[in-house]
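Being a predicted model, the structure only gives us computed values, none of them experimental. As the structure lists them, so they are numbered: ligands from 1, and atoms in each ligand from 1.
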Amino acid sequence: MSRSYPDEKKSFSVPRIMKMKGKGTLATITCYDATFARIIDKTPIQLVLVGDSAANVIYGLDSTLPVSIDEMVMHTRAVAAGLSKALLVADMPFGSYQPSAEIAITNASKLLAAGAQAVKVEGGSPHIREIIGKLVEVGIPVMGHLGLTPQSVHKIGGYKLQGKKDADAELMLSEAGLLEEAGCFSIVLEKIPAELAEKITSAVSVPTIGIGAGPDCDGQILVLYDILGLDPEFKPRFVRRYAELEQVIREALERYTEDVSRGKFPSEEESF
Ligand code: KIV
(Lines give C-alpha, C1' and ligand atoms only; values in the text may rest on other atoms or scores of the structure.)
Protein backbone atom coordinates (compact mmCIF):
# COMPACT_ATOMS: atom_id res chain seq x y z
CA MET A 1 0.00 0.00 0.00
CA SER A 2 1.40 3.44 -0.90
CA ARG A 3 1.61 6.27 1.60
CA SER A 4 -0.81 9.15 1.13
CA TYR A 5 -2.08 12.28 2.84
CA PRO A 6 -5.81 12.56 3.74
CA ASP A 7 -7.84 13.84 0.77
CA GLU A 8 -8.64 17.49 1.61
CA LYS A 9 -11.69 17.37 -0.66
CA LYS A 10 -13.24 14.40 1.12
CA SER A 11 -12.19 14.97 4.72
CA PHE A 12 -12.72 17.96 7.03
CA SER A 13 -9.47 19.44 8.34
CA VAL A 14 -9.23 22.29 10.87
CA PRO A 15 -8.54 24.89 8.10
CA ARG A 16 -11.51 23.59 6.11
CA ILE A 17 -13.81 23.91 9.13
CA MET A 18 -12.49 27.46 9.69
CA LYS A 19 -13.40 28.37 6.10
CA MET A 20 -17.02 27.56 6.95
CA LYS A 21 -17.22 30.73 9.05
CA GLY A 22 -20.21 32.91 8.17
CA LYS A 23 -22.19 30.26 6.33
CA GLY A 24 -24.29 28.98 9.26
CA THR A 25 -24.11 25.46 7.82
CA LEU A 26 -21.77 23.53 10.11
CA ALA A 27 -23.65 20.40 11.23
CA THR A 28 -21.86 18.69 14.09
CA ILE A 29 -22.71 15.95 16.58
CA THR A 30 -21.24 14.05 19.53
CA CYS A 31 -20.25 10.39 19.33
CA TYR A 32 -18.71 7.86 21.71
CA ASP A 33 -18.24 4.56 19.86
CA ALA A 34 -17.26 2.97 16.56
CA THR A 35 -20.70 1.64 15.60
CA PHE A 36 -22.33 5.07 15.67
CA ALA A 37 -19.19 6.62 14.12
CA ARG A 38 -19.56 4.28 11.11
CA ILE A 39 -23.16 5.46 10.67
CA ILE A 40 -22.14 9.13 10.99
CA ASP A 41 -19.43 8.49 8.39
CA LYS A 42 -22.16 7.76 5.80
CA THR A 43 -23.75 11.19 6.42
CA PRO A 44 -22.64 14.75 5.55
CA ILE A 45 -21.83 15.60 9.23
CA GLN A 46 -18.68 17.74 9.15
CA LEU A 47 -17.35 17.57 12.72
CA VAL A 48 -17.71 14.96 15.47
CA LEU A 49 -17.04 15.66 19.14
CA VAL A 50 -16.17 12.88 21.56
CA GLY A 51 -17.88 14.80 24.34
CA ASP A 52 -17.29 14.38 28.04
CA SER A 53 -21.11 14.08 27.98
CA ALA A 54 -20.03 10.41 27.77
CA ALA A 55 -20.22 10.72 31.57
CA ASN A 56 -23.99 11.26 31.27
CA VAL A 57 -25.06 9.17 28.30
CA ILE A 58 -22.59 6.28 28.53
CA TYR A 59 -21.77 6.04 32.23
CA GLY A 60 -25.13 7.22 33.62
CA LEU A 61 -23.57 9.90 35.86
CA ASP A 62 -25.26 13.19 36.71
CA SER A 63 -22.28 15.43 35.86
CA THR A 64 -19.33 15.32 33.45
CA LEU A 65 -16.82 15.70 36.28
CA PRO A 66 -15.90 12.04 36.96
CA VAL A 67 -15.01 11.01 33.39
CA SER A 68 -11.25 10.36 33.14
CA ILE A 69 -8.64 11.00 30.47
CA ASP A 70 -8.19 7.22 30.07
CA GLU A 71 -11.93 6.79 29.41
CA MET A 72 -11.88 9.69 26.90
CA VAL A 73 -8.88 8.12 25.15
CA MET A 74 -10.77 4.82 24.74
CA HIS A 75 -13.90 6.56 23.37
CA THR A 76 -11.76 8.65 21.01
CA ARG A 77 -9.98 5.53 19.73
CA ALA A 78 -13.34 3.83 19.14
CA VAL A 79 -14.83 6.80 17.27
CA ALA A 80 -11.66 7.28 15.20
CA ALA A 81 -11.94 3.64 14.08
CA GLY A 82 -15.30 4.35 12.45
CA LEU A 83 -14.73 7.83 11.04
CA SER A 84 -12.98 8.87 7.84
CA LYS A 85 -14.41 12.24 6.80
CA ALA A 86 -15.57 14.45 9.67
CA LEU A 87 -13.07 16.38 11.79
CA LEU A 88 -12.64 14.49 15.08
CA VAL A 89 -12.48 16.68 18.21
CA ALA A 90 -12.11 15.19 21.70
CA ASP A 91 -13.13 16.83 24.96
CA MET A 92 -10.41 17.24 27.55
CA PRO A 93 -12.11 16.01 30.73
CA PHE A 94 -12.19 17.85 34.06
CA GLY A 95 -8.77 17.92 35.73
CA SER A 96 -6.87 16.93 32.58
CA TYR A 97 -5.84 20.47 31.54
CA GLN A 98 -6.52 22.91 34.40
CA PRO A 99 -3.44 22.13 36.56
CA SER A 100 -0.81 23.35 34.05
CA ALA A 101 0.10 23.72 30.37
CA GLU A 102 2.50 20.74 30.70
CA ILE A 103 -0.26 18.48 32.02
CA ALA A 104 -2.62 19.76 29.30
CA ILE A 105 -0.08 19.01 26.55
CA THR A 106 0.58 15.50 27.94
CA ASN A 107 -3.14 14.67 28.06
CA ALA A 108 -4.05 16.33 24.74
CA SER A 109 -1.25 14.29 23.13
CA LYS A 110 -2.93 11.10 24.38
CA LEU A 111 -6.19 12.16 22.69
CA LEU A 112 -4.38 12.99 19.44
CA ALA A 113 -2.53 9.65 19.58
CA ALA A 114 -5.97 8.00 19.91
CA GLY A 115 -7.11 9.67 16.67
CA ALA A 116 -8.45 13.11 17.62
CA GLN A 117 -7.45 15.96 15.33
CA ALA A 118 -8.23 18.66 17.90
CA VAL A 119 -9.26 19.01 21.55
CA LYS A 120 -11.92 21.07 23.32
CA VAL A 121 -11.46 22.84 26.65
CA GLU A 122 -13.99 24.80 28.70
CA GLY A 123 -13.76 28.40 29.91
CA GLY A 124 -12.25 31.74 28.97
CA SER A 125 -10.29 32.89 32.04
CA PRO A 126 -6.71 34.16 31.67
CA HIS A 127 -5.41 30.83 33.12
CA ILE A 128 -7.37 28.74 30.57
CA ARG A 129 -6.32 31.08 27.72
CA GLU A 130 -2.67 30.64 28.66
CA ILE A 131 -3.07 26.84 28.53
CA ILE A 132 -4.85 27.10 25.16
CA GLY A 133 -1.98 29.26 23.84
CA LYS A 134 0.59 26.62 24.87
CA LEU A 135 -1.44 23.77 23.28
CA VAL A 136 -1.72 25.71 20.02
CA GLU A 137 1.99 26.60 20.18
CA VAL A 138 2.93 22.91 20.09
CA GLY A 139 0.57 22.24 17.18
CA ILE A 140 -2.59 21.01 18.92
CA PRO A 141 -5.74 22.68 17.53
CA VAL A 142 -8.12 23.81 20.28
CA MET A 143 -11.86 24.40 20.27
CA GLY A 144 -13.07 26.76 23.02
CA HIS A 145 -16.32 26.45 25.01
CA LEU A 146 -18.16 29.38 26.63
CA GLY A 147 -21.58 29.92 28.24
CA LEU A 148 -22.81 26.93 30.19
CA THR A 149 -19.58 25.05 30.88
CA PRO A 150 -20.72 21.81 32.56
CA GLN A 151 -17.32 21.20 34.20
CA SER A 152 -18.02 24.33 36.32
CA VAL A 153 -21.49 23.12 37.37
CA HIS A 154 -20.78 23.55 41.08
CA LYS A 155 -19.49 27.10 40.63
CA ILE A 156 -22.44 28.05 38.40
CA GLY A 157 -24.94 26.27 40.67
CA GLY A 158 -26.72 24.17 38.03
CA TYR A 159 -27.30 23.88 34.29
CA LYS A 160 -28.95 27.27 33.81
CA LEU A 161 -29.00 29.77 30.96
CA GLN A 162 -25.79 31.86 31.04
CA GLY A 163 -25.08 35.46 29.95
CA LYS A 164 -28.49 36.85 30.90
CA LYS A 165 -27.13 39.81 32.89
CA ASP A 166 -25.45 42.60 30.88
CA ALA A 167 -22.17 42.25 32.79
CA ASP A 168 -22.03 38.47 32.17
CA ALA A 169 -22.84 38.96 28.49
CA GLU A 170 -20.09 41.63 28.16
CA LEU A 171 -17.56 39.32 29.84
CA MET A 172 -18.50 36.42 27.53
CA LEU A 173 -18.22 38.62 24.44
CA SER A 174 -14.77 39.78 25.48
CA GLU A 175 -13.65 36.24 26.43
CA ALA A 176 -14.74 34.97 22.99
CA GLY A 177 -12.43 37.53 21.34
CA LEU A 178 -9.61 36.58 23.70
CA LEU A 179 -10.11 32.85 22.99
CA GLU A 180 -9.75 33.62 19.30
CA GLU A 181 -6.56 35.59 20.10
CA ALA A 182 -5.27 32.67 22.17
CA GLY A 183 -5.57 30.52 19.03
CA CYS A 184 -8.92 28.67 19.24
CA PHE A 185 -10.04 27.55 15.77
CA SER A 186 -13.71 27.54 16.81
CA ILE A 187 -15.84 28.16 19.90
CA VAL A 188 -18.81 26.22 21.30
CA LEU A 189 -21.49 28.48 22.80
CA GLU A 190 -23.75 26.56 25.18
CA LYS A 191 -27.13 27.65 26.56
CA ILE A 192 -26.94 31.41 26.12
CA PRO A 193 -29.50 33.91 24.73
CA ALA A 194 -29.73 33.82 20.92
CA GLU A 195 -29.03 37.56 20.75
CA LEU A 196 -25.74 37.20 22.64
CA ALA A 197 -24.70 34.23 20.46
CA GLU A 198 -25.39 36.34 17.37
CA LYS A 199 -23.23 39.19 18.79
CA ILE A 200 -20.36 36.83 19.59
CA THR A 201 -20.63 35.15 16.18
CA SER A 202 -20.37 38.55 14.43
CA ALA A 203 -17.48 39.64 16.67
CA VAL A 204 -15.13 36.68 16.15
CA SER A 205 -13.63 35.45 12.90
CA VAL A 206 -13.61 31.76 13.90
CA PRO A 207 -16.75 29.60 13.61
CA THR A 208 -19.08 29.47 16.59
CA ILE A 209 -20.97 26.25 17.22
CA GLY A 210 -24.14 26.58 19.25
CA ILE A 211 -26.03 24.27 21.56
CA GLY A 212 -29.05 26.04 23.00
CA ALA A 213 -27.65 29.27 21.55
CA GLY A 214 -30.18 30.09 18.83
CA PRO A 215 -30.02 30.04 15.03
CA ASP A 216 -27.28 32.60 14.31
CA CYS A 217 -24.17 30.59 15.17
CA ASP A 218 -21.96 29.32 12.34
CA GLY A 219 -22.93 25.77 13.23
CA GLN A 220 -24.89 23.62 15.66
CA ILE A 221 -24.01 20.70 17.90
CA LEU A 222 -26.27 18.30 19.80
CA VAL A 223 -25.69 15.16 21.83
CA LEU A 224 -26.24 12.16 19.50
CA TYR A 225 -28.33 10.18 22.02
CA ASP A 226 -30.61 13.20 22.53
CA ILE A 227 -31.47 13.70 18.83
CA LEU A 228 -32.06 9.95 18.49
CA GLY A 229 -34.53 9.93 21.40
CA LEU A 230 -32.70 7.25 23.38
CA ASP A 231 -33.91 8.72 26.69
CA PRO A 232 -37.61 9.65 26.50
CA GLU A 233 -37.40 11.40 29.91
CA PHE A 234 -34.71 13.86 28.80
CA LYS A 235 -35.99 16.63 26.57
CA PRO A 236 -34.44 20.06 27.15
CA ARG A 237 -35.93 22.94 25.12
CA PHE A 238 -32.89 23.19 22.80
CA VAL A 239 -32.99 19.53 21.70
CA ARG A 240 -34.88 18.52 18.57
CA ARG A 241 -35.53 14.78 18.35
CA TYR A 242 -35.09 13.32 14.87
CA ALA A 243 -36.01 9.76 15.93
CA GLU A 244 -37.61 7.91 18.83
CA LEU A 245 -35.13 5.06 19.06
CA GLU A 246 -35.86 4.11 22.67
CA GLN A 247 -39.25 2.85 21.52
CA VAL A 248 -37.80 1.06 18.48
CA ILE A 249 -35.15 -0.68 20.62
CA ARG A 250 -37.59 -1.56 23.40
CA GLU A 251 -40.03 -3.10 20.91
CA ALA A 252 -37.24 -5.09 19.24
CA LEU A 253 -36.12 -6.47 22.61
CA GLU A 254 -39.72 -7.33 23.56
CA ARG A 255 -40.19 -9.22 20.27
CA TYR A 256 -36.89 -11.07 20.79
CA THR A 257 -37.86 -12.04 24.38
CA GLU A 258 -41.24 -13.26 23.15
CA ASP A 259 -39.64 -15.35 20.38
CA VAL A 260 -37.18 -16.95 22.81
CA SER A 261 -39.83 -17.67 25.41
CA ARG A 262 -42.11 -19.29 22.78
CA GLY A 263 -39.31 -21.36 21.26
CA LYS A 264 -39.50 -19.39 17.99
CA PHE A 265 -35.87 -18.33 18.04
CA PRO A 266 -33.55 -19.69 16.74
CA SER A 267 -35.14 -21.31 13.70
CA GLU A 268 -33.62 -24.14 11.67
CA GLU A 269 -32.05 -21.60 9.26
CA GLU A 270 -30.49 -19.80 12.17
CA SER A 271 -28.98 -23.02 13.55
CA PHE A 272 -26.07 -25.24 12.41
O1 KIV B 1 -19.64 17.04 26.06
C2 KIV B 1 -20.40 17.47 25.18
O3 KIV B 1 -21.24 16.74 24.64
C4 KIV B 1 -20.28 18.87 24.80
C5 KIV B 1 -21.26 19.40 23.81
C6 KIV B 1 -22.58 19.50 24.44
C7 KIV B 1 -20.82 20.67 23.23
O8 KIV B 1 -19.43 19.54 25.29
Are there any protein N or O atoms under 3.5 Å from the N or O atoms of ligand 1? List them with distances, or say none.
unit_1: ligand 1; atom_1: 1 (O); unit_2: D52; atom_2: N; d: 3.2
unit_1: ligand 1; atom_1: 1 (O); unit_2: D52; atom_2: OD1; d: 3.0
unit_1: ligand 1; atom_1: 1 (O); unit_2: S53; atom_2: N; d: 3.0
unit_1: ligand 1; atom_1: 1 (O); unit_2: S53; atom_2: OG; d: 3.3
unit_1: ligand 1; atom_1: 1 (O); unit_2: D91; atom_2: OD2; d: 3.1
unit_1: ligand 1; atom_1: 3 (O); unit_2: S53; atom_2: OG; d: 2.5
unit_1: ligand 1; atom_1: 8 (O); unit_2: K120; atom_2: NZ; d: 2.9

For [X] versus [Y], what's the shortest heavy-atom pair and its separation?
X: F185; Y: M143; result: CE2-N, 3.7 Å
X: C184; Y: I187; result: CB-CG1, 4.5 Å
X: R241; Y: D231; result: NH2-O, 3.2 Å

For the residue pair [Y] / [X], report whether a side-chain donor-acceptor contact shorter than 3.5 Å exists.
X: T30; Y: Y225; answer: no
X: E122; Y: S152; answer: no
X: E198; Y: S202; answer: yes

